[in-house]
Amino acid sequence: MDTHKLQGSIGTSASLALRLGQAIFSAASLLFMCLNVSYYSYSYPPFCFLVATMSFVTPWNLGLAVIDAFSLLVKRSSHQPGILPYLVGVDWVLSFLSLATACSLASATDYLIASGGSPYCNWNMCRRYQLSAAMAFLSWILSLASSLFNLWLLLPTVYLLHL
């Protein structure tokens, strides 16, 4: 099997779909987190952590979606051997950060709901935070999938370097 045609790896239609899905879910997570929120809500570190992480995830995935779309449009592979390790590394880092933010926001929100909330986390706001955590988790699932596909594409390169 030609690794350059592995569906899900960079430059394929599946990769474009994964990247657009990640960008949409991370932007939705940011939107639910930032709309109509008081300034004091960000005194909770998981809330700040989610906003910071999704602020990196959204443009990263939009940029890679543009590269995928361009590769599909010109029908050329966008594989650059020197760039692929960096792409895989950033994908993995952002994937783990997305999982960490989704889990920390969900647990902090559940704690606030169980403890009776706070003045800055009424019932509607806490539900919005839970929805934001769910969108971050969905973004992480797609990020993990694209990270695994690109790692699979990188493995033959790493193996050849050790020969």
Side-chain angles (χ1 to χ4, degrees), residues 3-35 37 41-73 76-112 126-161:
T3 57
H4 295 292
K5 298 295 181 187
L6 180 67
Q7 281 300 318
S9 64
I10 190 163
T12 62
S13 58
S15 176
L16 177 62
L18 285 170
R19 296 295 176 179
L20 287 175
Q22 291 170 48
I24 288 168
F25 285 130
S26 62
S29 179
L30 267 175
L31 188 69
F32 288 124
M33 197 65 202
C34 294
L35 279 183
V37 176
S41 294
Y42 292 110
S43 62
Y44 300 108
F47 297 173
C48 297
F49 191 39
L50 179 110
V51 170
T53 301
M54 292 301 139
S55 296
F56 288 118
V57 170
T58 304
W60 172 258
N61 288 311
L62 284 175
L64 289 176
V66 167
I67 291 171
D68 287 337
F70 180 75
S71 295
L72 290 171
L73 187 65
R76 269 184 67 201
S77 175
S78 62
H79 297 268
Q80 300 292 328
I83 295 176
L84 192 60
Y86 297 112
L87 182 127
V88 171
V90 171
D91 268 351
W92 276 97
V93 167
L94 289 178
S95 176
F96 286 124
L97 284 174
S98 295
L99 176 62
T101 59
C103 292
S104 66
L105 180 66
S107 64
T109 304
D110 285 346
Y111 173 76
L112 287 173
C126 282
R127 296 295 176 214
R128 186 179 294 168
Y129 297 152
Q130 285 179 328
L131 190 55
S132 180
M135 293 295 122
F137 186 72
L138 290 172
S139 175
W140 169 73
I141 290 172
L142 296 176
S143 177
L144 181 66
S146 62
S147 297
L148 289 173
F149 284 123
N150 285 319
L151 180 66
W152 187 259
L153 183 66
L154 181 65
L155 287 178
T157 308
V158 172
Y159 177 73
L160 290 175
L161 289 176

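When reading the values below, keep in mind they use all heavy atoms of this one structure, side chains included, and skip hydrogens, waters and symmetry mates. Residues take their numbers from the sequence shown, with the count starting at 1. Given the structure is predicted, the values throughout are model-derived calculations rather than measurements.
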With the side chain counted from C-beta on, respond yes when [X] and [Y] share a heavy-atom pair under 4.5 Å apart, and no when they do not.
| X | Y | result |
| --- | --- | --- |
| P85 | V88 | no |
| W92 | L151 | yes |
| V51 | S55 | yes |
| M135 | S26 | no |
| Q22 | L64 | no |

If you look at every heavy atom in [X] and [Y], which pair is closest and at what distance?
| X | Y | answer |
| --- | --- | --- |
| L72 | S13 | CD1-CA, 3.6 Å |
| T109 | C126 | CG2-O, 3.2 Å |
| T58 | L30 | OG1-CD1, 4.1 Å |
| L20 | A65 | CD2-CB, 3.9 Å |
| A145 | L18 | CB-CD2, 4.1 Å |
| D68 | R19 | OD2-CG, 3.6 Å |

Aromatic contact, W152 with F149 (centres under 6.0 Å): no

Distance, nearest 0.5 Å, that separates [atom1] of [X] from [atom2] of [Y]:
| X | Y | atom1 | atom2 | result |
| --- | --- | --- | --- | --- |
| C103 | F49 | SG | CZ | 10.5 Å |
| L94 | S143 | CG | OG | 6.5 Å |
| L50 | S104 | CG | OG | 7.5 Å |
| T53 | L97 | OG1 | CG | 5.0 Å |
| M33 | Y129 | CE | OH | 5.0 Å |
| I67 | L16 | CD1 | CG | 11.5 Å |

Just checking, is any N or O donor in the side chain of S132 or S29 under 3.5 Å from an acceptor N or O on the other one? yes

Apply side-chain contact (heavy atoms from CB on, under 4.5 Å) to I141 and F25, showing your working. CA-CA 10 Å; I141 290 172; F25 285 130; over 6 Å; no

Above 12 or not: heavy atoms from other molecules or residues under 6.0 Å from CZ of F56? no

Sequence neighbours left out, what passes ring pair (Phe, Tyr, Trp, His ring centres under 6.0 Å) with F70? Give chain and number order. none

Going by side-chain hydrogen bond (donor to acceptor under 3.5 Å, both in side chains), name the residues that satisfy it together with S139, two or more places apart in sequence or in a different chain. none

Can you name the side-chain hydrogen bond (donor to acceptor under 3.5 Å, both in side chains) partners of T101, sequence neighbours left out? none

Starting from the C-alpha separation in whole Å, work towards a yes-or-no answer on side-chain contact (heavy atoms from CB on, under 4.5 Å) for M54 and S98. CA-CA 7 Å; M54 292 301 139; S98 295; 3.8 Å; yes

